[in-house]
Amino acid sequence: MNLQIPDKFKSILERNQKYLGNVLTTLDWYGGVIRNRKPEFFPDYTDHGIEHIQSVLNSTEWLTGESIELFSEKDVAAIVLSVLLHDYGMFLTYDGLITLLESEERIEFFDKKTWKELWAEFESEVRRWDDKKQIDVCGKKVDCNIILDGDLRDSTKRIIGEFLRRHHPRLAHEIALNGFPGINGSRIEFANGIDNDLKDIAGLIARSHGMNLRDTFLYIQRKFGVLRDPYSVKAIYLMTLLRIADYLQFTNERAPKDNLSTYTIPSPFSRLQWSIHNAVLNTTHNGNDPELINVVARPKTVKEYLELESLFKGIQYELDHSWAVLGEVYGENKELSKLKIRIRRIKSTLEDEEFKSELPYLPKEILFESHPDVVKLLIQPLYGDDPSFGVRELLQNSLDACRERMIKESQKGNNYEPAIRIEVDNNGEDYLFKIYDNGMGMSEEIILNYFFKVGSTYRNSLDWKRDFTDLDGLSTVQRSGKFGVGVLAAFLLGDEIYVKTKRLETKESGYSFTARIDDRAIEIRKEKGLKPGTLIQVKMNKKTISELSSEYFAAYGKIHWANWFKLSFPKIDINIPDNWNINIDNKLEIERETSKVKGWYYFESKEFPLISWTFDHKKSILLCNGIQVPEVIRKRRLTYPTFLEYPSLSIIDPNGKLPLSLSRNELTDKLPFESKLSTEVCKKFIWELLNAPYNNNRNSFQENLQKKEWGNSRIIDFGNSSEFMVDYKGSFKWAHTDILLTENGYIFPHQHCIKKAQLNKLVIIIGRSKSNRRNEMNLKYLLPPAKDSCAYCLISPLRFREQYHNMNNFISTIFEHNVISIDEILLSCYEKRIYIKQKFVPNYFYDGIPFKQDVIGNVINDRWATFSTDRSSISEVDINQLEDGEIDMIIELDILNPPEVELEITNENDMLLPLLEYYMGDDVIIPYSIEERKKRYPKVFEELVIYS
């Protein structure tokens, strides 16, 4: 095929044989170039060859209509040459590219940078391309380091093509003036015989199809002094013809289907361009509106639909813009105001509502979007690379959907059994993670406005609030989703998700779609025959498979993906491959109607309708609406009393009031109901304290207390962390105090009990310093029971703090200070006596050298020595009765009663104090006999029996 000048144009050119000859020669030469050369850097582009150029030429002539009568020979020459030029840069060769990049030539009015500078900027940009951009341009992820060595990779050619595509309008103008870049810096003159001014105008017209028309005005006025007809050429009018004619080249002739059947196009962008051309069936220009062009198109996919919709809107914009510019430039000239474009409007089947309703997909642009409230929210800072959090977020959404449907079905009196199923399917090539629920499902509105809008949660919509909140605006359904990030967390499992869903109580069809997080457009297809609910499927990557297929939660706070939900209802079925090494925990049985965990204690608070708690669970856990929070809750303690650990907690939180981090992995503040929880735990503690079993052996009784063998409770931390120390205020104290034993009962070392007990002697027995556990000490070495005014306590091992780093300093400082602190009470000690193994005592101690007051030292036998103040009272200890065992030291203190000094500040948060006052009163020495305790403390055994 040879390029032909359209008949009406040719008849005008024939008036000037010089122009006719030069234009025909250029056509022949240009046709030969593009006929024998495929675009080196555009292997997948739709037709830009002879057929395309001929079609644009024909369209420009057709668009003139009756205005062609105003054309001169120069007008025709300019428009024909501009059509040849407008895509000529796409046929640049590698040698021509090198010539271009080495050239310093530029049109200074328009171009501030040389080609070399433009290329340097482009190279820098390419190195920063993300995966999506690489795939769009090259069809795959590539090495973006461009090496121009003549032996170009396919990806490098496509990258160069992207550079030329961006700048080919500029290149067209430069080719008109400077020639086509050739080998070794050479240039091939364009339109030989045509004067430079006309070539400049033709080049500018070609250039204008890639810029705003008005941006050419100043150049024309400065160069030619007149805008309407510079160099006797109606340049602005010709610009409108070229841009509209080029826009109209969207028919299927530019993308033959035969090519698609024999060649796979790697670039998604190019594939889309081919497909949209094939989607246009025909165009017509007739009927009652002579200025209308009608397009019949049938896009097969939503991406084709959106591209065509954008194309047609672009054409209409260009028509409106062009008509406006024509009026602006030529309107005041009687003759030139007749210059018109044949069409004003474009209409397509895409505007037909009936046509759109018949499409098998939603003809809308659907994208992942971020809500302003969480614009800084990223997956990596929230969850790291842990795919188990992706499972949690998907499971959380399924639980929410099922709980919402429970409310809906209950309101109608319908029976409904929520079902959630998780399975890992190996189809031979890939592992697919699937989660299905028969919950509420999603409608079109929810998918578009919430699922794909990150940070936008449906629970903030009026529809949701209408269905699931009460008159006070409080939620009537347990719902864990809060920040609208669940869909993003799903991509921790893999790069692509597939969703199939159907909304309850809607006449809409179901929907399905496949999506990647960086998709340009997501096609949502209509699905018939679906039941309400949602299926989400993720093709897992290798890292995900490796981590989900084994037990890997040894790290701090790690929870296995199969064990996020701890409750028995709603039921979750998990089906995994046989070779996956996973232990699925037993679920906690709950009452379906109330969500109370069976066997746990519970209470309510203003913002939380149910809080279940226990010390009996094998691990301290924190559950929010059944989902475990990874924070190791046992590391927290109640504000007061500090010796009480946090119990395991199951919290129903329908309104999202629990202070969790964005990742929902930890508490960001203390529990809002901690005061109430402390009271509940203190009541449990008092019950256990008053029900400690006694077997007529005080020694084993204390040992059992120290072992914390109170049922399965782990309520009190008396264990290995007790420390006997001297503090900086000049008093010695316990860091954690222990039960005190007397002749007729035991005392809990709280300020209330210490005050009321009226002790006058305290004997502290310290076990072997090398012993790691106090309960290894043999309590048979304790002396006969003390009177109620004398209490014994056993601690081990002996530890030293700060400067008191050895036994010598420890012993000497005991005699230097006259105050001991127990809980919030300071007790004055007026006499002191220490029994200590001789192996710990230097000889000079017997001479009183290290002591600042009168201290008497004596050797009792070959094992024991004693040090005491000279006024010491009669000892309660008969050291000669002790056999060699695991006791290293006994400290005997005579204390003033009542206490002379109290701390000025008491703990206002002490929930235990009022309870001890209420349940025990002044009778603080608890009898060893349980029967006697029942008589003495009836309130405990009547009111606190629920904590048994």
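Only heavy atoms go into these numbers, but all of them, side chains included; no hydrogens, no water, no symmetry mates.
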* To do: Please list, chain by chain and in numerical order, all residues satisfying side-chain hydrogen bond (donor to acceptor under 3.5 Å, both in side chains) with Thr614, sequence neighbours excluded.
  =>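 Testing Thr614 for side-chain hydrogen bond (donor to acceptor under 3.5 Å, both in side chains), a comparison that skips the adjacent residues, returns none.
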* List in chain and number order the residues that pass side-chain hydrogen bond (donor to acceptor under 3.5 Å, both in side chains) with Thr594, two or more places apart in sequence or in another chain; answer none if no residue qualifies. =>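 Glu591.
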Donor-acceptor pair, distance only, cut-off 3.5 Å: does the side chain of [X] make one with the backbone of [Y]?
X: Arg833; Y: Ser868; result: no
X: Arg933; Y: Ala692; result: yes
X: Thr668; Y: Pro659; result: yes
X: Tyr746; Y: Leu741; result: no
X: Asn858; Y: Ile860; result: no
X: Ser568; Y: Ile590; result: yes
X: Asn655; Y: Ser475; result: yes

Could you measure the distance from the [atom1] atom of [X] to the [atom2] atom of [Y]? Nearest 0.5 Å is fine.
X: Leu567; Y: Gln628; atom1: CG; atom2: CD; result: 10.5 Å
X: Trp564; Y: Ile627; atom1: CH2; atom2: CD1; result: 8.0 Å
X: Asn625; Y: Leu399; atom1: CG; atom2: CG; result: 9.0 Å
X: Ile747; Y: Ile926; atom1: CD1; atom2: CD1; result: 8.5 Å

* Asked: Is the shortest side-chain N to carboxylate O distance from Asp585 to Lys566 below 4.0 Å?
  ->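 Salt bridge present between Asp585 and Lys566.
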* Any chance NZ of Lys756 has more than 12 other-residue heavy atoms, nucleotides or ligands included, within less than 6.0 Å? ->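 At most 12 heavy atoms, drawn from other residues, nucleotides or ligands, come within 6.0 Å of this atom.
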* Within 6.0 angstrom of Tyr602 OH, more than 12 heavy atoms from elsewhere ->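 Counting neighbours around OH of Tyr602, 12 or fewer heavy atoms of other residues, nucleotides or ligands fall under 6.0 Å, so no.
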Hey, does [Y] have a side-chain heavy atom less than 4.5 Å from the side chain of [X]?
X: Val859; Y: Trp864; result: no
X: Leu649; Y: Leu623; result: no
X: His752; Y: Glu917; result: yes
X: Ile651; Y: Leu622; result: yes
X: Lys587; Y: Ile572; result: no
X: Met889; Y: Ile834; result: yes
X: Phe748; Y: Leu740; result: no
X: Ser605; Y: Pro672; result: no

Nearest heavy-atom pair of [X] and [Y]: which atoms, and what distance?
X: Asn563; Y: Asn583; answer: ND2-O, 3.2 Å
X: Ile836; Y: Phe867; answer: CG2-CE1, 4.1 Å
X: Val597; Y: Leu588; answer: CG1-CB, 4.0 Å
X: Cys753; Y: Leu916; answer: SG-CD1, 4.3 Å
X: Arg392; Y: Asn665; answer: NH1-OD1, 2.9 Å
X: Leu658; Y: Phe673; answer: CD1-CE2, 4.4 Å

* Asked: Does the pair Glu892 and Lys832 meet the rule for a salt bridge (charged side-chain N to carboxylate O under 4.0 Å, His left out), with working shown?
  -> CA-CA 6 Å; Glu892 190 174 9; Lys832 307 163 192 175; over 6 Å; no
By salt bridge (charged side-chain N to carboxylate O under 4.0 Å, His left out), which residues pair with [X], not counting sequence neighbours?
X: Lys596; result: none
X: Glu604; result: none
X: Lys934; result: Glu931

* Asked: For Ser661 and Glu666, does a side-chain donor sit closer than 3.5 Å to a side-chain acceptor?
  ->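 No.
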* To do: Please identify each residue that fulfils side-chain contact (heavy atoms from CB on, under 4.5 Å) with Ser595, with sequence neighbours left out.
  => Gln478, Leu610, Ile652
* **All side-chain contact (heavy atoms from CB on, under 4.5 Å) counterparts of Thr679, not counting sequence neighbours** =>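 For Thr679, the residues satisfying side-chain contact (heavy atoms from CB on, under 4.5 Å) (neighbours in sequence not counted) are Lys683, Met911, Leu915.
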* Can we call the ring centroids of Trp613 and Tyr601 under 6.0 Å apart? -> yes
* To do: Mind running side chain to side chain contact (heavy atoms under 4.5 Å, CB included) on Ser648 and Trp600 for me, showing each step along the way?
  => CA-CA 9 Å; Ser648 290; Trp600 289 27; 3.9 Å; yes
Just list the side-chain donor-acceptor pairs under 3.5 Å for residues 936-948, sequence neighbours left out, or say none.
unit_1	atom_1	unit_2	atom_2	d
Arg936	NE	Asp923	OD2	3.2
Arg936	NH1	Asp923	OD1	3.3
Arg936	NH1	Ile925	O	3.2
Tyr937	OH	Asp923	O	2.6
Glu943	OE1	Tyr918	OH	3.4
Glu943	OE1	Tyr919	OH	3.1
Glu943	OE2	Tyr918	OH	2.9
Tyr947	OH	Glu680	OE1	2.6
Ser948	OG	Val945	O	2.8

